[in-house]
Amino acid sequence: MPQATSMIRFENINKTYQGVQPLHVLKGVDMNIQKGEFVSIMGASGSGKSTMLNILGILDDYDTGHYFLDGTLIRNLNETKAAEYRNKMIGFIFQSFNLINFKNAMENVALPLYYQGIPRKKRNILAMEYLDRMGLKDWWHHYPNELSGGQKQRIAIARALISQPKIILADEPTGALDSVTTDEVMDVLQKVNETGITMIIVTHEFSVAQRTKRIIHLKDGLIESDSTSHYEIP
Ligand code: ADP
Ligand code: MG
């Protein structure tokens, strides 16, 4: 039987930040993530979690090794090609929401479709559908500063979903939220994962990691532990 293609495959990924004192952050990371997995990445501050997520999201390059995204080698892409893969494959969620303050909830959710050249009427209809899925339809005309942290993050999730990505990458998505709101946002992310979207969450909160199905610990530039063993690279 042919081996199914991993959604994400890291082979011996190395990344060094050059500077006065070069910093070797990822020291040969091997990792396989299958379609539909719900994964958290943990590790001390400075252990390379965001670096790893930026490489996964084609926001940054790695130095050596191979990164395959859904079977495609991601290496030295020009910005046009990188943006094409990002837009097709990946939705991002950030700790600080990254909403645009002078756009209302609907316009924020619709923004990725603007960059795809979809006409305003159509993108607003779609944005309302995704707001509705997040239970925020009645809030469409509100601006980010009129919304709670949990509402803002749900708007950011709707914005990440509207381009129908295969993967969601979330960097500390609950880092700015209280524990009740954290649970609500994790409920939403779990439901999104249950629709088949591969979900990768960077967190330093164990309560968040425990809600995922697989916990990967980074330490000193390598994977120190991985709670599932049946996804070993064959
Ligand atoms: P984490 O997200 O686990 O806290 P990061 O991936 O952000 O860790 O950072 C890992 C290490 O790399 C840290 O020591 C950080 O200071 C350093 N670092 C991160 N980004 C850069 C950069 N653009 N240039 C130089 N050093 C960086
Ligand atoms: Mg970080």
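One-based numbering, in listed order, for ligands and for the atoms of each.
There is a side-chain donor-acceptor pair under 3.5 Å between His24 and Asn14.
Looking at atom 5 (P) of ligand 1, its nearest protein heavy atom turns out to be Thr51 OG1, 3.7 Å. Considering only non-hydrogen protein atoms, atom 23 (N) of ligand 1 sits nearest to Tyr17 CE2, 3.6 Å.
Relative orientation of the Phe68 and His66 rings is parallel, given thresholds of 30° and 60° on the angle between their planes.
Ion pairing between a basic and an acidic side chain is recognised when a charged N comes within 4.0 Å of a carboxylate O; Lys35 and Asp70 show no such pairing.
Near Ala44, with a cut-off below 4.0 Å to any heavy atom, the atoms of ligand 1 are 3 (O). Per-residue contacts place Leu23 under 4.0 angstrom from the following atoms of ligand 1 (heavy atoms of the residue considered): 11 (C), 12 (O), 14 (O), 17 (C).
Contacts of Val25 with ligand 1, taken as heavy-atom pairs under 4.0 Å, involve the side chain alone.
Each of Asp63, Thr51, Thr16 was checked for a side-chain contact (heavy atoms from CB on, under 4.5 Å) with Leu26, and the lone residue meeting it is Thr51.
Residue contacts with ligand 1 leave out Gly19, since none of its heavy atoms falls under 4.0 Å from the ligand. Ligand 1 lies within reach of Gly48, whose nearest heavy atom is under 4.0 Å from it.
The Mg ion (ligand 2) has no N, O or S atom of Thr51 inside 2.8 Å of it.
For Arg75, the CZ atom counts as densely surrounded, since its 6.0 Å shell holds more than 12 non-hydrogen atoms of other residues, nucleotides or ligands.
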Would you check, one step at a time, whether the test side chain to side chain donor-acceptor pair (under 3.5 Å) holds for Asn98 with Ser96? CA-CA 6 Å; Asn98 289 14; Ser96 51; 2.9 Å; yes
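Looking only at distances, no side-chain donor or acceptor of Lys166 sits under 3.5 Å from a matching main-chain atom of Ile90.
Checking atom 7 (O) of ligand 1 against the protein gives a heavy-atom contact under 4.0 Å.
The option from Gly46, Ser47, Ser50, Pro22 that lies nearest to atom 10 (C) of ligand 1, judged by heavy atoms, is Gly46.
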